[in-house]
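Each remark here refers to the structure printed beneath this line.
Any value given below was found using the heavy atoms of this structure, including those in side chains, with hydrogens, waters and symmetry copies removed. Note on naming: letters A, B, ... go to the chains in the order of the sequence lines (proteins, then strands), and numbering restarts at 1 for each one.
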Amino acid sequence: MKKLWEILKKIYSAETGSAGWCKITVTAIAGIIGGAALLSYVVDPFYRYREPFFYNKVYYEIYLTAPALVRDADFDLFMLGTSMARNFFLSDIDEAFGCKSLKFAASGGTMRDLKKFFDEAVEAKQDSLKRVIFSLDIYPMNKPHAQYEEYDFMYEDGIRQEYRYLFSRKTYSSMIYLIKRKMRPKRIRKHQADPNRMFATEYKGKPYGLQEVIKDAYYNQAVHHTQTPYNKAAYEMNLHTQLLPMFDKHPQIRFTVYLPPYHIYTYCQSEEFGEADMLIRQRSEVMKALLKRPNVTLHDFQADPSYVCDHGIFSDVQHFNNAAARRVLADLVSGRRQIRSEKEVELNEQALRKLIAENMPQYYRHMQEFRRK
Amino acid sequence: MLFPTFTFILFFLPVTVLLYFLLSGKYPAIARWFLVAASFVFYSWFNWSYSLILAGTLVMNWFFANLLYMRKSRWILALGILCNVLLLGYFKYYDFFIENINAVFGTSFVLKHILLPLGISFFTFQQISFLQLVYSGGLAKRYSFGSYALFVCFFPQLIAGPIVLPDEMMSQFDDRKNSVFNASNAAAGLYLFALGLGKKILLADFFAEIADPGFSAVSCNFFEAWKTVLAYTFQIYFDFSGYCDMATGIGLIFNIALPQNFNAPYRSLSITDFWRRWHMTLGRFLMHGIYIPLGGNRHGNFRTCCNLWIVFLVSGIWHGAGWMFVLWGVMHGAALSLHRVWSKFGKWQMPAIPAQILTFLFVALAWVPFRAECTQTTMKIYRAIFMPQSFAFRMPDMFQMILFGIAFILILFFPTAYDMGKKFRPTWVNALVTIALFVASMFLFVKVSPFIYFNF
């Protein structure tokens, strides 16, 4: 033990001489920094420099991979939305619209994020982008921030952005993830590996139904105090500087905008928190503004009981499955639930309010039962 | 330019060091001007127009210094100081002053929203002390403009100190020995820089992630308030002392020894002791520049207490244009006066450990108005601590607990980075520590936040 202590002491106090110390330390630091940069450049986990050449492309981290995905994909139809758009498969969109599509479903995306993705797609495809399908959520309209800004180095060029990418913590954590995937290919998540599913979370055995909806509503209730679902200033900013300019600045693009079906308990919950009225008004105002745009076709599924009261299609209070997504596509093509006039907007508003009122007792009962459990 | 950035570490610092020592052997005067130019590049990186202000103040103060060399007139000194104070007042306090005028008299003078030039408080204080010393004949010799310019602009201490005295810097710039690369200084400097980098990136920035939500939350309970206060207490220490360690380290690489700015302040046994250990160069400036000219402790206890209050009011306002800084200054002034009265008339001396805890708690609580942007936030935290509505305790996550644990151990038991730098030996262990701190910090550069004291 004493000998070991002596050895440790010797190692601890072993000196190299100041000049040698400087050389060793600086060389080691430079070597590690250089090596790390080279590794990032070769693996390139967010495809900044090229398409991956020694591993299969993974559809993940949309805020980081978005610029590369639009750059590398061949498409003339762009589907854009928050996580509400995730369970659409590209083959279904292609078949429905007879186009070559690309889908961006940004979980937790805000309006500024969606606008950024849209701008990236327009910039990458210029005139070849003919059509955009826009899954328009009302909740993100009330969020002032943009998630992509945390990774703005992926959207800009320049030496500073290069090294921010090469040394980003996210770059290294993703490299580790890719290595793990390479080593255990059986654990690959299908929605990340399959270009047809692209960001979809649909998988075999994923639970759907009323219990999942109630469970999620109960969770939302618990965390509601941490959220700000209604923010007038952010809503105004998003409407006038993000959403409407998309349509106005690109008259050559045809936009199919739809309000995705939420489970009715989403609005019941908003009603419980006293926010439903404001959100419904926002919904109507946005729809009326969109009706004035000649390049926009508008659909509203939020007041359609065949969607919003069908427990079986939802995995939580908002997200629906691929079967429902296919129905939405069919409705978009056929013109079902299309909104053509302000009168129809108002009728839908009334229908939604009626649906909420009808479902409130059942919502309270379900929440109480779940709490008791 | 921030120290913990790739631009600084990979390009600016190595290139500047290399060119400086290539020049300094044969052409020391050119090397000095090269360092001044490099400092201007460093400063202009934030905003090029700042460098015009810096250059303007340099020329102005050199002009006043030359007038004072020619004629030791109190009026010239007063005019020189007034010009500096007015400049500082305009850039730092104009909006604050107008806001208060508008609030009190109901007027509607337009605010200018002037962008505060970084480090203006630091270089203004340094230049005032230079004029004072020229006037009093306290300088060891008459220095060249090059040395003076470098004394003000020397980039390691330009933005956030330490606040240096003319003689202690300019004599080093003029010393021929310092113009030759010194491997042992460079090694110690590199080591100190790595320690400072680690403090800033691996500790201060993580504490900021705990403190910031606490201050911005609408409400908080007793435990959350304490967590926020402690997190900020550690954040500001590691942030500022980390910056000073980096500055001292860079200074050493250039063979320039910067004065010590921190000496384990959270181990202080009294508030007077705290101010001998915290931001020591500011304390030194305030003592020589304000406290002693006001009479110091030579005119009885009442005058001494009044002088302490004035010094800390100035200190509070110096830190920022806001009433919360004034409150912070008043709290410290009051505590120092109380401690003075206690140590003069009190018959009982508090044992070391309770004294240390009490001092730490006072300092931590006094940081609340310093950090809070408004009265509401300050009151929110104080109310949660002193009149708690809720004691709901939520265990902090493991990472936060480890972070607090490390901070307490470092603050209470570890030697200060300054001492570690002084006792530095070029061992393998120190090389490994330096490399590890550099590399670990490197991966977090992307999210690095500005130093707290950049705002002052």
Side-chain angles (χ1 to χ4, degrees), chain A residues 7-37 39-40 46 64 145 149-154 156 158-176 222-228 231, chain B residues 1-2 4-11 13-14 17-18 21 45 181-194 197 201-202 205-206 213 216-219 249 252-253 392 423-448:
Chain A
I7 293 168
L8 284 174
K9 243 168 108 178
K10 234 179 204 173
I11 293 172
Y12 182 77
S13 54
E15 291 187 18
T16 58
S18 296
W21 191 94
C22 285
K23 274 182 207 160
I24 291 163
T25 310
V26 171
T27 312
I29 291 168
I32 294 171
I33 291 175
L39 186 69
S40 298
F46 305 127
L64 288 139
H145 63 282
E149 280 178 349
E150 194 178 339
Y151 311 111
D152 57 355
F153 52 87
M154 294 303 298
E156 291 164 21
I159 182 89
R160 192 176 134 70
Q161 311 309 336
E162 295 302 333
Y163 71 59
R164 283 182 68 198
Y165 173 58
L166 293 175
F167 297 105
S168 161
R169 211 178 350 166
K170 199 80 189 167
T171 305
Y172 291 93
S173 61
S174 295
M175 276 198 273
I176 293 167
V223 298
H224 178 261
H225 68 283
T226 64
Q227 296 166 344
T228 46
N231 179 337
Chain B
M1 203 179 295
L2 289 170
T5 54
F6 283 105
T7 319
F8 182 81
I9 290 176
L10 295 185
F11 302 104
L13 186 61
V17 170
L18 196 74
F21 284 113
W45 208 262
F181 180 76
N182 181 326
S184 42
N185 277 349
L190 206 59
Y191 176 68
L192 252 180
F193 186 85
L197 196 63
I201 308 282
L202 305 176
D205 283 358
F206 282 113
S216 56
V218 182
S219 63
L252 263 183
I253 295 174
K423 289 176 189 158
F424 171 79
R425 305 289 312 150
T427 59
W428 287 101
V429 173
N430 282 341
L432 277 179
V433 168
T434 308
I435 295 165
L437 286 175
F438 254 104
V439 172
S441 305
M442 190 190 76
F443 290 106
L444 300 167
F445 278 4
V446 173
K447 280 186 80 177
V448 71

Heavy-atom pairs under 4.5 Å with chain B, option from Gly17(A), Ala28(A), Ala19(A) with the top count: Gly17(A)
Region of Tyr191(B) that comes under 4.5 Å of a non-hydrogen atom in chain A: both
Check: Trp428(B) main-chain N/O paired with Trp21(A) side-chain donor or acceptor under 3.5 Å: no
Partner residues of Ala30(A) under the side-chain contact (heavy atoms from CB on, under 4.5 Å) criterion, sequence neighbours left out: none
CZ on Phe6(B) to CZ on Arg160(A), rounded to 0.5 Å: 11.0 Å
Modelled atom types, side-chain donor and acceptor of Thr7(B) and Tyr163(A), under 3.5 Å: yes
Atom pair CD1 (Ile24(A)) and OG1 (Thr434(B)), whose distance is rounded to the nearest 0.5 Å: 11.5 Å
Ser18(A) side, atom OG; Leu190(B) side, atom CG - distance, nearest 0.5 Å: 11.5 Å
Side-chain heavy-atom pair Ile32(A), Phe438(B) within 4.5 angstrom cut-off: no
Contacting region of Ile9(B) [heavy-atom separation from chain A under 4.5 Å]: neither
